[in-house]
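Right, one structure below, let's go through it.
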Amino acid sequence: MSVDIRFLPDDKTVRVKPGMTVLDASRKARVHIRTRCGGNASCLMCKVTVEDDGAGLSAPGDNEVRKLGSMIDERVRLACQARAIGSCVVSVPEDPLKAAVRAQLAKQREDDWL
Ligand code: FES
């Protein structure tokens with residue numbers, strides 16, 4: 001049995017065995033999720049947002065709940081801790097550096113227009 005994990009906004013779907021973490025699935029899908037701690041639930045850089053009902057992901061453990069606090073209620077999960085137990089859809093936030101570069105380029109284009 002396999003399950004599908006769909007990553008937004010890239011709209012890439014990967015088929016994995018149940019139990020695989022979202023982080024490992026993202027690597028298989030060639031979707032970049034930032035990490036610094038190697039998947040130990042300590043850097044909090046691997047946050048993703050659950051875009052469906054969340055039934056396809058394992059329930060957050062005590063450590064993940066403690067680390068995320070109220071973000072859990074906003075459907076945020078740690079990709080290194082959330083495991084696929086069914087098909088699911090998650091959204092990966094844009095890398096802050098890429099977002100800053102994109103915003104700067106957009107501003108330059110706007111300035112050039114004026
Ligand atoms: S990879 Fe560091 S918290 Fe998930």
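This is a predicted model, so every value here is computed, not measured. Count residues from 1 along the sequence. Both counts, for ligands and for their atoms, begin at 1 and track the order of listing.
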Just which atoms of ligand 1 are under 4.0 Å from any heavy atom in [X]?
X     : result
Thr35 : 1 (S)
Gly39 : 1 (S)
Ser42 : 3 (S)
Ala41 : 3 (S)

For Arg83 and Gly19, indicate whether the former's side chain and the latter's backbone hold a donor-acceptor pair under 3.5 Å.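 At least one qualifying donor-acceptor pair exists.
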
Between Cys43 and ligand 1, which residue portion shows a heavy-atom distance shorter than 4.0 Å: side chain, backbone, both, or neither?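 It is both parts that get close, each with some atom under 4.0 Å.
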
Answer side chain, backbone, both or neither: which part of Ala79 comes under 4.0 Å from ligand 1, heavy atoms only.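 The answer is neither; Ala79 stays 4.0 Å or more away.
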
For atom 3 (S) of ligand 1, grab the closest protein heavy atom and report residue, atom and distance to one decimal in Å.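 Ranking protein heavy atoms by distance from atom 3 (S) of ligand 1, first comes Leu44 N, 3.2 Å.
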
So, Cys46 and atom 2 (Fe) of ligand 1: N/O/S under 2.8 Å, yes or no?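 So Cys46 does not bind atom 2 (Fe) of ligand 1 by this criterion.
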
Looking at atom 2 (Fe) of ligand 1, is one of the N, O or S atoms of Cys80 less than 2.8 Å from it?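 So Cys80 does not bind atom 2 (Fe) of ligand 1 by this criterion.
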
For the residue pair Val16 and Val3, establish whether any side-chain heavy-atom pair is separated by less than 4.5 Å.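 Result yes, sub-4.5 Å side-chain heavy-atom pair found.
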
Tell me whether Leu78 is reachable from Leu23 by hopping between hydrophobic residues (I, L, V, M, F, W, Y) whose side-chain heavy atoms are closer than 4.5 Å.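 Different clusters: Leu23 never reaches Leu78 through Ile, Leu, Val, Met, Phe, Trp or Tyr contacts under 4.5 Å.
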
Within a reach of under 6.0 Å around CG of Asp62, are more than 12 heavy atoms found that belong to other residues, nucleotides or ligands?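 No, because the 6.0 Å sphere around CG of Asp62 holds 12 heavy atoms or fewer from other groups.
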
Evaluate Thr35 against Met45 for side-chain contact (heavy atoms from CB on, under 4.5 Å), listing each step before the verdict. CA-CA 5 Å; Thr35 69; Met45 294 178 73; 5.5 Å; no

Value rounded to 0.5 Å, distance of NZ in Lys17 from OG in Ser2: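 Rounded to the nearest 0.5 Å, the NZ-OG separation comes to 4.5 Å.
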
Starting at CZ of Arg6, measure out to OG of Ser91 and round the result to the nearest 0.5 Å.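 Answer for the CZ-OG pair, Arg6 versus Ser91, is 10.0 Å.
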
